[in-house]
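Shown next, in structure tokens, is the structure this report addresses.
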Protein chains: 2
Amino acid sequence: MTPRGRPRDTQVDERVLRAAAALIFERGYAGLSIDEVAEQAGVAKTTLYRRWPTKDHLAVAVVARLQADHEITETGDIRADLVDNLDKIAAALNRMRAAGGREGPSAGVAGELVAAAARHDDIGELARVQYAERNALGIALIERARARGELRADLDAEVLFDQLAGALYYRVLITGEPVDRAYAERLVSSALEGSLTCQ
Amino acid sequence: MTPRGRPRDTQVDERVLRAAAALIFERGYAGLSIDEVAEQAGVAKTTLYRRWPTKDHLAVAVVARLQADHEITETGDIRADLVDNLDKIAAALNRMRAAGGREGPSAGVAGELVAAAARHDDIGELARVQYAERNALGIALIERARARGELRADLDAEVLFDQLAGALYYRVLITGEPVDRAYAERLVSSALEGSLTCQ
DNA sequence: CTAAATACGAAACTCGTGTTGCGTAAATGT
DNA sequence: ACATTTACGCAACACGAGTTTCGTATTTAG
């Protein structure tokens, strides 16, 4: 069941993604020019647009290749497991934030990707599926700790994970504050131990 | 100390912002065309660019006018106070999300504004100051509840507020899930009560 | 009244994204 | 072989953001 016409040149994808990655990580999202990518990849612009219909789609493809979806580690200690997985999320966010040689509090490429998902339904749908999968893994991790008796029985696992991951994204995208392992530890402590005086 | 030359026509700001607001709320961010705004406002494009140097700046000005910064209410019951203030944040997010007649899980204009803050340092700086003020109000609210003895003494107020606000932004910008008062209540319950089995 | 300073308006311009039309290349089915 | 289908490359194009140039209008300083 090979398709009818001339097959696509598989080298095109590789060369374009490589050139685009070089540009986006050197000059940032605004410095990523489609014409320049096409030229550096030695490919016609029309060929490029056949694969990625907009600059946003191309940028998402570039970043997606580099975010090797991190494996979830599980030691059996929920505190350590949560810190570890949040730290991996934070690392991925920091990589995107730093693209383009940026330093300050700006969200960098991470902010552009949020807009890309808001602009194009297909990108948004794809991203939400990925996030849903990651959320499900985190929730499952929490549920298993609850089954072991580490966590309280009436816990809201979905909300708990939103609180943890959400705080990281909030700082990177909104307030511009740094996120690192130390922050992940504060976060997990606060969420697990609660804030009410002892009941 | 009036400045030297011809004074600016104050009607220009009003007419431009009104025209831009109409366009952005009817057609969304992509449907906001500078040429069209200038035409509908009866103003030359150069005049418009003298006030707002980019489309992003204009869009931020439009949205900023509509987000009458909500007053913080305080009843003395920290649970009710947090739910109330989170609900106001959620309402503002939902307004931005719905601009342009959008319905689905997309972040809508909210996503574009995140990117605008990432692209332009001055917008980012302005936004971060606003967020810092709002965070400070939330943290102060929490601190007063702690002083009253409602909350535990060793609590991390900064992280607690990140958890609450962050979960809202996470759902709107990232996972696309809805945020409403019911969710705010789940959120506050989870954060206040913690997740560990009783210590 | 005159000069300097600033604002407004109109038109032409640059630049980047994305599209279109057309000629050519490489595969399949009969 | 030959028609069909799809991919590639090239050039021209449409469109919107943002800039530049220049003429005109309105204000203050002297």
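We name chains A, B, ... by the order of the sequence lines, and we start the count at 1 in each one. Please read all numbers here as calculations on a predicted model, not as lab measurements.
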### Query
How would you label the contact of A/L48 with the nucleic acid (heavy atoms, under 4.0 Å): base, sugar-phosphate, or nothing?
nothing
### Message
Ignoring hydrogens, what is the shortest heavy-atom contact between A/A184 and A/L86? Give both atom names and the distance.
### Response
CB-CB, 4.1 Å
## Note on the structure
Note: A/V109 and A/V63 closest approach over all heavy atoms is CG1-CG2, 4.3 Å
Between the main-chain N or O of [Y] and the side-chain N or O of [X], is there a donor-acceptor pair closer than 3.5 Å?
{"X": "B/R97", "Y": "B/A107", "value": "no"}
{"X": "B/R128", "Y": "A/I174", "value": "no"}
{"X": "B/D81", "Y": "B/G76", "value": "yes"}

### Query
With the 4.5 Å side-chain cut-off for hydrophobic clustering, are A/V172 and A/Y131 part of the same group?
yes
### Query
Between A/K55 and A/Y29, is NZ or CZ placed under 6.0 angstrom from the six-membered ring centre and within 45° of the ring axis?
yes
Which nucleotide, [options], lies nearest any side-chain atom of [X]?
{"X": "B/D35", "options": "D/dA17, D/dC8, D/dT27", "value": "D/dA17"}
{"X": "A/R50", "options": "D/dC8, C/dC8, D/dG18", "value": "D/dC8"}
{"X": "A/K55", "options": "C/dC8, C/dG9, C/dT17", "value": "C/dT17"}

### Message
Need to verify one output field. Residue with the more 5' nearest nucleotide on DNA chain D, B/D56 or B/P7?
### Response
B/D56
### Query
Just how far, in rounded Å, is P of C/dT17 from CG of A/L23?
11 Å
### Query
Yes or no on side chain to side chain contact (heavy atoms under 4.5 Å, CB included) for B/L196 and A/R152, after CA distance, side-chain angles and deciding distance?
CA-CA 5 Å; B/L196 293 179; A/R152 47 200 299 166; over 6 Å; no
Polar pairs (N or O, both sides) under 3.5 Å between protein and nucleotides 28-30 of chain C?
residue	atom	partner	partner atom	Å
C/dT28	O4'	A/R4	O	2.9
C/dT28	O2	A/R4	NH2	3.4

Protein-nucleic acid N or O pairs under 3.5 Å, nucleotides 19-23 of chain D:
none

### Query
Closer than 4.0 Å, any side-chain N/O of A/T54 to the OP1 or OP2 of C/dT17?
no
